[in-house]
Amino acid sequence: MIAFVSGPVAALAPTLAVIEVGGVGMAVQCTPNTIAALRVGEPARLATSLVVREDSLTLYGFADDDERQVFELLQTASGVGPRLAQAMLGVHSPDALRLAVESGDERALTAVPGIGKKGAQKLLLELKGKLGAPLGSSGLVGAQRAGAAGPAPWTEQLSAALIGLGYASRDAEEAVSAVTPQAEAAIAAGGSAPVPQLLRAALQSLNRTR
């Protein structure tokens, strides 16, 4: 197993980072939140999990070991593969997922693309007790309180991701404004802002203005 990769960032895409390791470019699948913290040309260290299939080898990257551990634990639930596990971490932090599972929060799980109400109920049953208790204060309640006190976390994540992809701050702000109605609609429906989908929509809006 490849436990981590370390080296300069050679390239970035919305869900992919290329890390140069010993002269070889390692393609690592990451969430937009992880991508947002990386910069091309700067050193990076990502915890990784290698998923082996008959026709592919896919390396998934994470900001730290805790995120990787949750990624792997999520896949112990039936019907959860690496893509869905990564999507869950793209919407919620590890502690937010722990809190959602331990408190039986269906809405938190249905905020993840690909998870419906029945799927959320099944996951809550299967994951109960597996993820453990929240390690810090980055759970759902803490995130909601922080959002109420200042700018919504999703706007900062989205803006940082766009800037990390090479867009100017002004363009990033305009793209965030363009997708704000979509984010507000998701929040009003009782969910959270789906950062991965918002990033794709923001990139589409930027491409249309070019």
Side-chain angles (χ1 to χ4, degrees), residues 12-17 27-38 46-53 56-128 130-131 134 138-140 143 152-158 160-162 164-165 179 182-183 185-187 189-204:
L12 291 173
T15 59
L16 180 76
V28 187
Q29 297 287 331
C30 303
T31 66
N33 291 344
T34 300
I35 294 291
L38 305 177
L46 297 175
T48 56
S49 178
L50 180 63
V51 176
V52 180
R53 296 287 185 264
S56 66
L57 295 173
T58 306
L59 199 60
Y60 290 84
F62 310 93
D64 52 40
D65 293 337
D66 180 47
E67 194 172 63
R68 177 185 60 196
Q69 181 180 27
V70 171
F71 170 80
E72 293 173 346
L73 288 172
L74 289 172
Q75 293 176 73
T76 63
S78 59
V80 179
R83 290 186 180 277
L84 182 55
Q86 189 177 54
M88 295 171 75
L89 286 165
V91 175
H92 299 300
S93 69
D95 268 3
L97 285 171
R98 291 186 178 100
L99 184 59
V101 169
E102 294 309 307
S103 63
D105 190 347
E106 288 182 21
R107 286 188 174 183
L109 295 189
T110 56
V112 178
I115 299 180
K117 184 175 181 179
K118 290 184 177 179
Q121 293 172 343
K122 184 179 179 182
L123 286 173
L124 289 173
L125 287 173
E126 292 194 28
L127 293 173
K128 185 74 172 179
K130 289 187 176 181
L131 303 185
S138 58
L140 290 173
W154 72 265
T155 63
E156 297 177 354
Q157 294 169 3
L158 188 56
L162 291 169
L165 290 170
V179 301
Q182 181 179 339
I187 294 171
S192 59
V195 175
Q197 291 92 319
L198 293 173
L199 179 57
R200 286 193 288 270
L203 289 170
Q204 290 173 356

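Here the structure is a predicted model, which means the values were calculated and not measured. Atom set for the values below is all heavy atoms of this structure, side chains included, hydrogens, waters and symmetry mates excluded.
Across every non-hydrogen atom of Ala201 and Val179, the tightest pair is CB-CG1, 3.7 Å. A pairwise comparison of heavy atoms in Leu123 and Val80 identifies CD2-CG2, 3.3 Å as the closest pair. Here the closest heavy-atom approach between residue His92 and residue Ala108 is recorded as NE2-O, 2.6 Å. In terms of heavy-atom proximity, Val70 sits nearest to Pro94 at CG2-CB, 3.8 Å. The two residues Leu74 and Ala85 make their nearest non-hydrogen contact at CD1-O, 3.8 Å. Contact between Val91 and Pro113 at its shortest, heavy atoms only, is CG2-CD, 4.1 Å.
Within the 4.5 Å cutoff, the side chain of Val51 has heavy atoms near those of the Tyr60 side chain. Side chains of Leu89 and Phe62 form a contact here, defined as non-hydrogen atoms less than 4.5 Å apart. Within the 4.5 Å cutoff, no side-chain heavy atoms of Thr31 are placed close to those of Thr15. Looking only at side-chain heavy atoms (C-beta outward), Thr34 and Glu67 come within less than 4.5 Å of each other. Proximity of Gln75 to Pro82: side-chain heavy atoms (C-beta onward) are separated by under 4.5 Å at one or more points. Side-chain contact check for Leu124 versus Leu109: some heavy-atom pair is nearer than 4.5 Å.
Of the possible polar contacts, one joining the Arg98 side chain to the Leu131 backbone as a donor-acceptor pair under 3.5 Å is found. Checking side-chain atoms of Gln86 against main-chain N and O of Gln29 turns up a donor-acceptor pair under 3.5 Å.
The CD atom of Gln121 lies 8.5 Å from the NZ atom of Lys118; values are rounded to the nearest 0.5 Å. Here Leu46 contributes atom CG and Asp64 contributes atom CG; the two are 10.5 Å apart, rounded to the nearest 0.5 Å. Interatomic distance, CZ of Arg68 versus OG of Ser49, reported as 7.5 Å (0.5 Å rounding). Rounding to the nearest 0.5 angstrom, the gap separating the CD atom in Glu106 from the CD1 atom in Ile115 is 11.5 Å.
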| task | Would you sort out whether Cys30 and Leu16 count as a side chain to side chain contact (heavy atoms under 4.5 Å, CB included), showing the intermediate values? | result | CA-CA 6 Å; Cys30 303; Leu16 180 76; over 6 Å; no

| request: Test side chain to side chain contact (heavy atoms under 4.5 Å, CB included) on Leu99 and Asp95 and set out the steps. | output: CA-CA 6 Å; Leu99 184 59; Asp95 268 3; over 6 Å; no

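By the neighbour-count criterion of 12 heavy atoms within 6.0 Å, atom NZ of Lys117 is sparsely surrounded, having that number or fewer from other residues, nucleotides or ligands.
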